[in-house]
Amino acid sequence: MKYGRVTYHPVLGTLDKRESLRFLFDDQEFEAYKGETIAAALLANGVRTLRRHEETGTPRGIYCNIGHCFECRVTIDGITGQRACLTVLKDGMNIRSGEMLPTPLKKGAH
Amino acid sequence: MTDVLIVGAGPAGLSAAISCAERGLQVQVIDEFMRPGGRLLGQLYQETDGSWWNGIEEAAKLQDKAASLGVVLKLGISVIDLNQSEDGWIVYTSTGILKAPALLLATGAAETACPIPGWTLPGVMSIGAAQVMTNVHRVRVGMRGVIVGINVLSMAIAHELELAGIKIAAMMLPAKNMINKDVGDPRKVMQSIVRLGHLAPSPLLRLGSGLMRYSSLQSLGLHLYPKRGFKVWGIPVQLRKAAVEIEGIEKVESVRVANISPEGDIVPSTSRSLPVDFVCMAGGLYPLAELAAVAGCPFRYVPELGGHVPLHNARMETPLAGLFVAGNITGIESAKIAAAQGSIAGLSIAAFHQVSGTEEDLLESIQNLRITREKASIQFHPQVADGRRRLESMFSENFS
Ligand SMILES: Cc1cc2nc3c(=O)[nH]c(=O)nc-3n(C[C@H](O)[C@H](O)[C@H](O)COP(=O)(O)OP(=O)(O)OC[C@H]3O[C@@H](n4cnc5c(N)ncnc54)[C@H](O)[C@@H]3O)c2cc1C
Ligand code: FES
């Protein structure tokens, strides 16, 4: 389900028309508006899961939305560990979610 | 040459930048967020006189004033580390190293976690995350959600979500566990909202304080408190229900809710699932003070201020030469107070740079802060003024 945007607001007013742009998230193309963060644009498109926990593989999304918790870390144009909630989208950005990693040293893993 | 570097472009940092620049200093402000204003940006509530406090407009006023005075503002840059050198402070950022003789830390607050099982599922977020997503980014956090944690901030934001057309099915407490203690105890929660009632921006709090003026009536109040809760802005506020677990496989599908005793203990066999597509966790705020710790500033634990705070005096000076603090890093209070503290810090920094004629203005700005605090329409802790006085005397006992 797409959650969409708060276009009309009784106190804050109506959203201005903004230029749109396109970006890739795990090879799928999405549309967003100029000035939006990766986390906001993905949520508006109905995407809540930004990564899998490195060890357990459980899904994770934004938690604090202001850069404190690092739950939203993704890989942007090849650079790992970037916060989706603080990064403003650029046209053509290529974003990848974090995946579960092997844990060869963990007890019982082999 | 930068005379002062300010970390944080919230109300404290921007107000400090303005008062420094007005006294002729070269000011640089850095912030990791993409817009200036800090947590002011998300704020939207009605003052007791009915007028709206619109954080976006307030932030724009501060930004414009700072820009007109020549303040250099850099956004999207995170401060990672810092240390003191012979001629001032060296600040390591995500894009390089900056230096200045004076450094102001105005990094604000962070949210305290109140975890329950399932809280890592996508769709669970802090209450502040929902505020920023709704009011700043203007994206819907979901269709129908619950708020876990009842306090001044979550009540204000519940109203903001409703204003944006986002349905809140209920507000309730987090189940008590080894981490959630007072936040899961209906009596403590009731006491804290009732004590803040006289300045409440909300009908519930005003109603609560009218009903329960005497503390002896408070436990009675809870027993009388209707099991189904009562409504504020159409939202059921349920002090006698707790969220026990958040359910879902790939994302939030429902919240398991149980009845609780006035002490916060789960009443057996009362739980049921409430279908929702998002959950906001509201555990309260604490000062975001890591950078002050990294700098080597001593700390004191002052619960009225929200926890561990960097030691500082009424002039916003820390015991370290050239290091200043202002805003929520010094204790949890509203944005107007953060701004007033920023103005003081700016004048102190001007005095540090030996700008003449600042002393009188500085004393006046300290007086103004006291008045702003007395008139505050949102307060996070009822004894905040006592906490401030205690911290100031700890400073003067140790350093003066
Ligand atoms: C999520 C949240 C919601 C809030 N909502 C309300 C509300 O509705 N009403 C109310 O009265 N109060 C609210 N508050 C309290 C709020 O802290 C104050 O109202 C006020 O904004 C504090 O101002 P400040 O300048 O001290 O900090 P802030 O406004 O928090 O500004 C601090 C700035 O510092 C930046 N920063 C922090 N660390 C770094 C770093 N390492 N590198 C670079 N930049 C950094 C941040 O990005 C931020 O922009 C809220 C606080 C939070 C955390
Ligand atoms: S959601 Fe917390 S850092 Fe991005």
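Just so it is clear: chains get the letters A, B, ... in the order the sequence lines come, proteins before strands, and each one is counted from 1.
Put simply, of B:Ala113, B:Gly128, B:Gly142, B:Gly165, the one with the most heavy-atom pairs under 4.5 Å next to chain A is B:Gly142. Heavy-atom pairs under 4.5 Å with chain B were tallied for A:Gly4, A:Pro10, A:Gly61; the largest tally goes to A:Gly4. When the candidates B:Ile127, B:Ile166, B:Val132, B:Leu288 are compared by the number of heavy-atom contacts under 4.5 Å with chain A, B:Val132 comes out ahead.
Contact of the A:Val6 side chain with the B:Val139 side chain is not registered, since no non-hydrogen atoms from C-beta on lie closer than 4.5 Å.
For B:Leu163, the parts lying under 4.5 angstrom from a heavy atom of chain A are both the backbone and the side chain. In this structure, the portion of B:Ile249 lying under 4.5 Å from any heavy atom of chain A is its backbone and not its side chain. For A:Cys69, no part lies near chain B; criterion is any non-hydrogen pair under 4.5 Å.
Annotation for A:Pro59 and B:Pro122: closest pair O-CD, 3.4 Å, computed over non-hydrogen atoms. When all heavy atoms of B:Val141 and A:Leu43 are compared, the pair lying nearest together is CA-CD2, 4.0 Å.
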Between chain B and chain A, which donor-acceptor pairs sit under 3.5 Å apart?
residue	atom	partner	partner atom	Å
A:Gly4	O	B:Arg140	N	2.9
A:Val6	N	B:Arg138	O	2.8
A:Val6	O	B:Arg138	NE	2.8
A:Val6	O	B:Arg138	NH2	3.0
A:Thr7	O	B:Arg138	NH2	3.1
A:Gly13	O	B:Arg138	NH2	2.6
A:Arg48	NH1	B:Val141	O	3.1
A:Arg48	NH2	B:Val141	O	2.7
A:Arg48	NH2	B:Asp277	O	3.1
A:Arg52	NH1	B:Glu250	OE2	3.4
A:Arg52	NH2	B:Glu250	OE1	2.5
A:Arg52	NH2	B:Glu250	OE2	3.4
A:Tyr63	O	B:Ser126	N	2.8
A:Tyr63	O	B:Ser126	OG	3.3
A:Asn65	ND2	B:Ala129	O	3.1
A:Arg83	NH1	B:Glu32	OE1	3.0
A:Arg83	NH2	B:Glu32	OE1	3.2
A:Arg83	NH2	B:Ser78	OG	2.9

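The side chain to side chain donor-acceptor pair (under 3.5 Å) check on A:Gln28 picks up nothing, with sequence neighbours excluded.
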